[in-house]
Each structure stands twice: as structure tokens, then as C-alpha cells.
Enquirer: 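Have a look at the structure that comes next, please.
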Amino acid sequence: MTMQSRSDSPALPQRRPFAKRLLDGLKPSRLTVPTFLLAWSFLVIAPLVVIVLFSFLQVKAYRVVYTPSLDTWISLIDSGRWMAAVRTLRIGITMTIIEFVLAFPFALWLAKGCRSKTVKAMIITLLTIPFFLDAASRIIVWRSILGQTGAVNTALMSLGITDAPIDWLLYSEFAVHFGLLGTHFPTMVFPIFMSIALIDDDYIQASQDLGGGPAQTLFNIIIPMALPGIVAGIVFTLVPLMAAFVEPQLLGGGFVDLLGNSVNSALQQLKYPTAAALSTVVVALLGICLAVLVLVTRRRYDMASMFVAIRR
Amino acid sequence: MEHDKIGANGLPMSRRGFMESVLSVTALGAAASVLPGLSQQAWAAGLPVKGYGVTTAQPKDWSRVTQSIGIQVDYTPTNADIGVFMRDVMGNDLTSTHDVFIFDGGTEDLLGPEGYYAEIDENHPELKLWARTPDSWKRSSFLRADDKQYAVPVIGNGDAFGYFPAAIDANPNGLDEVPWTTFFEGENVKGRVAIDRSWLQSMAETANYLKHHGRITVEDPADLPAEQARQVADYLVERKRAGQFRTIFTAFEEQVQLLSNKEVAMINCWEPATKEANNALGPNSVIYAFTVEGYYLWGHGACVAAAAMDRGNVDNIYKLLNYFLDGEYRAFQAKERGYAGPNMDLGVQYAIDHGWSKEDIDGLKWAEEKVRRKFQKPFFCKVVPEHADVMEEEWQRFLNA
């Protein structure tokens, strides 16, 4: 009887623990977005504004003169530092394209072609090496390999392929591109690999079952579904490339000065306004590049889908 | 039951025992502080002297200093970049933590009058060798500002370039003068010349070369007004585009590597780089040049932080300053790096007293003779040029060309 009455009574809504209710109440729109905006403004936007303002000051005799002027900006042109900006943009975009061309097929094979879990784990581990090895230590080794008396030139001359050492292997744009290749390959591969790995194999199978060729499957199924990873790969590769200075310094031999080197050089001379102006140029160039990227991909890809988890 | 921990001596360590130790040490300290004659200086006797400065000034082994004069030196090395040095001393306030600064003479022009450096107390009892140090070293303009002495001379040299004699058909004994023309325009070394990224040195050397050959008119090649800086940069850009330079180097280790790998035939490096390269390639493989046109003169001075004068470690600081004037430091700097300095006779005497070989002793004598010979030529240097801003801007034009 008692049992019956209990089962017949309407079920009371279960009272959830306080912590869970609190967590449920933390909807992105209410807390996360304002917190993010506040923190981001404090950590990034505010220093950026200070940097821009600082670029309108000058340094005289190692001391900052707090009188606003355009002299620092004019000196960027007179000193030829603007050429470093153009060179940086050119090398940054070229390297991003090269990395994508190499990384996409590799990531596709790693995600869908490589069946051995051991090999896959080993390759992923190998790809992380650039992240935990100091860049200078990793790059400087190439000097003894690419130099006039280095391993490559010695081998080429021993084999009779060349009569004299090839100069452009080191201290050239080629050497800088070569050095950047290894550093930024993983940042392009990982996001693309992740996005391709998440594509359900059934989609690919369905494409084949419906008579789609490999190219059709690639362009109509894989690339559109991997687009978030591709965009992320481009962003994570292009942005650090714009600030690269170790490879140009060590392999460019002073002939391939990028914005990173120019900023470094200005800081060493205590020319903070010049460094600030150059940094402003970097941020502006990146902003333009990313705006172009958004415009190009917006027809096929909604940037907001990268944050779909937050929207939920 | 009391669970005593085991102390470093292997005996049980109790809370009571720990408290007894702390109280004993405190009592001993309190007693010592009131004992007559036990001054703050005596307490400081065990304090290390903290130094900050260029790598070239440091001995290869600081423990030698401790063995010799009984003080420990905690030295933080930096490169020869004036901007970095100024940033650290002024911006990062290193005077609050470091006692002695060693850099190319010239920083005292700014840091002395502004109160970062203390005037040298020439009568300090620990500065025993000051009186016998020749005026040609100690009264040098790059150790003084506003008629005040801000530094003790440490080492000095006249910088030029290193070269492989076979590459330019030069006398392998290294005694002949080699013109800077070979460095800048020599066809036989085209594409195999390395130039220093430091504009202080490279622009001054280029300006002196152009001045010597009547191609520019400038009073001080180390301090170029806007027009002359532009002319020098134009010339360097022209040589860069002509393919004269193989690389623009930055660090001492790079100088050694470029020579040791025979990547370049000429390089306006520091003299120790040629010594290091010869250690790898064999004696006299690389020669440090006597030049036709002149030298980039530099001298390191040891300056005392003004704040250090109130830190109770002044005696040790002056002991170290005196060590820089003494024979042991002089002998090892000349032997290991090829640098000269004041009181070389004490260095030679040190070598004799310590049974150095005749070859080493002759080497010390040669170091002094070499510098004397160099200074018969024009020399130039200004670490803090008045026109630093325009020189740096023009140098950027060369780098970006």
C-alpha cells in the first residue's frame, strides 16, 4: 500500500546540486563572452594601443622623448625598414603556401591512409620535436651542412656534380625558406590532420559508392569538411612567420632581414618607438591577411563554426 | 613517540635541536656585531663582487681570481651591444644589484654625469697599483667624463680584420700591412668577406677607410653626421650589391665558426676569434691584420656602480679593480686573447715568476709591442656617438638593401 501510494504520487522535480546549477547558469552569452572580451582587452588590446601610441614618440641619446611626432614613421621609410615589411609579407605568404601544399597531402595520408596506430603515434611524436627544441640550436646545425665547406657541397663536389661550392645554399633566401620549412610544418599539419581525422569514413565511402572519383571526393567532401582545420593551419603558420627572426638571422646571414630582425635590432638600440611602429606594421599586415582569408573563404565556410562549441 | 628526522650529519634532528641551532647562530651574530674592530667591512669580506659586462673582459676562469685575491666574483656576461648595455643599466637598474660594470670606454660620458657610476677613488688603499699605472692608459679619454675619473683601464686593442694569408697572397708571417681596400674591394676575396652587424664598428671602419682614401670628408670616423653617414651607407650598399660580402655576422661564436669552417677569407672580427680559429686550424692559419689605414680603437674600463658605494663591499670591489691592473690578469688576457692593457711589465714578471715558457713570455711582450705599433696609425672610436641615431638609421638602409 505504501509502495503503491509512493509510486502513484507525481514525481517531484529532482533538486540538482548547487555547483551543477551554477555551472549550468554560466551560459556563454552571459559570462564567457564578456569575460573573454574583458580579459582580451586587458591582455592584448590595451598593450596594442600603447604600442601604437608609443610609435609616435622618439628616442634621443638612448632616452625616450615624450613629444608626439611622425619622425619615427618617416624614418621607417628613410631607413628602408619598409622593405623588411614587404619582404616579410612575401616570405610569410610564400612559406604558408609551400607548407600547405606539403602539409595537406601528408595530413590526409596520416589521418586516412596510415592504418598503423604505432606509425601514426610515432609520426605525431616526431612532429612535436620543433616545439620542444630551442630554435637556434636546431637551426644553427644547418650552417655546417649548407656552408661552402659543408656536407652538401662536399658531397656534390665529391660526386662531380659541381666543380665549386654552391654559394646560395647558405646566407640566402633559399636557406631562410629551408630553415622555416621545418619549423612551421607541424603548425600546418596538426590542425588539418585533426579536421580530416574527424571526417566520418562513411562520407568518403558514400562518395565512392555514388561514383565519385578521387578528385571529386577530395574537392567536394574532404576539403569542404576540412576547411576549419585548413583555415586554422594557415592562421597558426602565417602569424608566427610574420615574427620569425631566428632562421633569417642564422641562415640569412644578414641579407634576409625580416620584421622580427628589424624589431630586435631596434630594441637593442633602445629605439622603442621604432620597435613599436614596426610591431604596428606587423599587426596591420596580419589583420589585412586574415581579413582577406575571411573574405575568400566566407562563401564556403562560416568562421563562427570554429566556435560552435561555445555557441551551444 | 617522537619521530626525529635524520640531519645532514646522520644524527636525529629534533625541533628542539633546530631551535637551539637557530638561537646559537643568532647569538653569535649579535655578539660579533658588537665586538670591537669587527666592522661591517669585515662582515662583507665574504661577499662576492657582482659584475656585469662584455665577455672579452672576463678571465677564462674566475676561480683563478678567487685563489689570487680571495674574493669571489659573480660576473654576468653580455655582448658588445651598447643598446643592450644601456637598457640593462638604466632601464633594468642593474646598479641596484651589480657592483662593477665593464664595457667599451665611452659609457661614462652618459652614465657618469647621470649618477649611475661612482667616481673612482684613486686614493683607495686597495687600489695599490693605480699610481704606477701609466697615464696613457688610466687618463685615456674613454675612461673619463667632465674631468672626472669613472673607470679603471682593463684591456684594449686596435681592431681590424682577420684573414687567411693564402687567400690574398699576403706574407704568412702576418707582419705586413694589409689595406682595407682588400677587405672592401679585393676581387680575390669577393663574396668571401664577412662584416660585423655592429654599426659602431663597421660604419666607423668604413668611414676611416673612405676618409683615408679621400672619398669622404669627416672629422671623426666614429661619429658620423647625417651626410657622412649617408655616404658611408651608400658605399656599403654598393659593395653589398657588388657581392663583396658573404655574410653579416653578429656574435663572437659566429666569428670563430666562420673562420674555422673557412666559410670566409676576411672578416672584421675581434682578435680572440683568430686565436680560437688557429686553435682549430693550426698556428698562423689566420692572421689578425696590421692595416694601412688605421684601427678601431677600444678599451674596456671597469666602472663602479654609484649604489655599490653604500653596500658595504667597497674594499672587495677595489681589490678587483686593482686585480685588473695587476700581472696575473694582464698575463692571462694577453696569452688567451691577445689583448694588451696597462702594466704589461707586471704581466711579463708574473709569467717569469710562474715558470711560463719562453714562447709564452715572448707572446706577452709581443702583445704590448703589437698595440704600440697599431697606435702609430690613425685610430678612432666612440661608443656613444652624438650622431648615433642617424648612424643606426643609415645602417638599417645597408641591412635592408
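To find a chain, count down the sequence lines: A is the first, B the second, and so on, and within it residues start at 1. Quick caveat, the model's predicted, so the values are computed rather than measured.
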Enquirer: Between B:R197 and chain A, which part of the residue has a heavy atom less than 4.5 Å away: side chain, backbone, both or neither?
Expert: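 Looking at B:R197, just its side chain touches chain A.
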
Enquirer: Measure the shortest side-chain to side-chain distance between B:R246 and A:F255 over non-hydrogen atoms and say whether it is less than 4.5 angstrom.
Expert: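 Side-chain contact under 4.5 Å: no.
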
Enquirer: Could you list the residues that satisfy salt bridge (Lys or Arg N to Asp or Glu O under 4.0 Å) with B:E386, not counting sequence neighbours?
Expert: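 For B:E386 there are no salt bridge (Lys or Arg N to Asp or Glu O under 4.0 Å) partners, ignoring immediate neighbours.
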
Enquirer: Would you mind telling me which of A:G80, A:S265, A:G253, A:S262 has the largest number of heavy-atom pairs within less than 4.5 Å of chain B?
Expert: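 Answer, by heavy-atom pair count under 4.5 Å with chain B: A:G253.
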
Enquirer: Is B:E253 in contact with chain A via its backbone, its side chain, both, or neither, using a 4.5 Å heavy-atom distance?
Expert: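 Contact with chain A: none, neither part.
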
Enquirer: What option among A:V256, A:T274, A:D257 has the most heavy-atom pairs under 4.5 Å with chain B?
Expert: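 With the most close heavy-atom pairs to chain B, the winner is A:D257.
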
Enquirer: Quick one: what part of A:L170 sits under 4.5 Å from any heavy atom of chain B, side chain, backbone, both or neither?
Expert: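 Answer is both: backbone and side chain atoms of A:L170 are under 4.5 Å from chain B.
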
Enquirer: Counting only heavy atoms from other residues, nucleotides and ligands, does the tally under 6.0 Å from CZ of A:F54 exceed 12?
Expert: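 More than 12 within 6.0 Å, yes.
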
Enquirer: Applying a heavy-atom distance below 4.5 Å, give me the residues of residues 389-399 of chain B that approach chain A, sorted by number.
Expert: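 From residues 389-399 of chain B, the residues near chain A are B:D389, B:E392, B:E393, B:Q396, B:R397, B:L399.
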
Enquirer: Decide if atom CZ of A:F236 counts as having more than 12 heavy atoms of other residues, nucleotides or ligands within a radius under 6.0 Å.
Expert: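 No, because the 6.0 Å sphere around CZ of A:F236 holds 12 heavy atoms or fewer from other groups.
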
Enquirer: Specify which of A:G254, A:S75, A:S79 makes the most heavy-atom pairs with chain B at under 4.5 Å.
Expert: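 The candidate making the most pairs under 4.5 Å is A:S79.
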
Enquirer: Give, as side chain, backbone, both or neither, the part of B:L200 having an atom under 4.5 angstrom from any heavy atom of chain A.
Expert: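 Interface part for B:L200: neither.
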
Enquirer: Crowded around B:K262 NZ? As in, over 12 foreign heavy atoms under 6.0 Å?
Expert: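 No.
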
Enquirer: Determine the option with the most heavy-atom pairs under 4.5 angstrom with chain B, choosing from A:Q148, A:Q58, A:M83.
Expert: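 Going by pairs under 4.5 Å, I would pick A:Q148.
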
Enquirer: How about CH2 on A:W82, more than 12 heavy atoms from neighbouring residues, nucleotides or ligands closer than 6.0 Å, or not?
Expert: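 Result for CH2/A:W82: open.
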
Enquirer: Taking atom CG of A:D163 as the centre, does the number of heavy atoms from other residues, nucleotides or ligands within less than 6.0 Å exceed 12?
Expert: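 No - once you tally the heavy atoms of other residues, nucleotides and ligands closer than 6.0 Å, there are 12 at most.
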
Enquirer: What is the minimum heavy-atom distance between A:R87 and B:N400, and which atoms define it?
Expert: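 Here A:R87 and B:N400 meet closest at NH2-O, 3.1 Å.
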
Enquirer: Could you go through the side-chain contact (heavy atoms from CB on, under 4.5 Å) check for B:L258 and A:R143 one step at a time?
Expert: CA-CA 10 Å; B:L258 288 166; A:R143 278 195 182 177; 5.5 Å; no

Enquirer: Need one label for B:I195: side chain, backbone, both or neither, based on atoms under 4.5 Å from any heavy atom in chain A.
Expert: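 Neither part; nothing is under 4.5 Å.
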
Enquirer: With rounding to the nearest 0.5 angstrom, report the CZ to OH distance, B:F245 to A:Y171.
Expert: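 That separation rounds to 15.0 Å.
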
Enquirer: Quick check for you: to the nearest 0.5 Å, what is the distance between B:M86 atom CE and A:L270 atom CG?
Expert: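 These two atoms lie 8.0 Å from each other.
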
Enquirer: Sort out for me which of A:L267, A:D167, A:V59 touches chain B most, counting heavy-atom pairs under 4.5 Å.
Expert: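 When all of A:L267, A:D167, A:V59 are compared, A:D167 has the most.
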
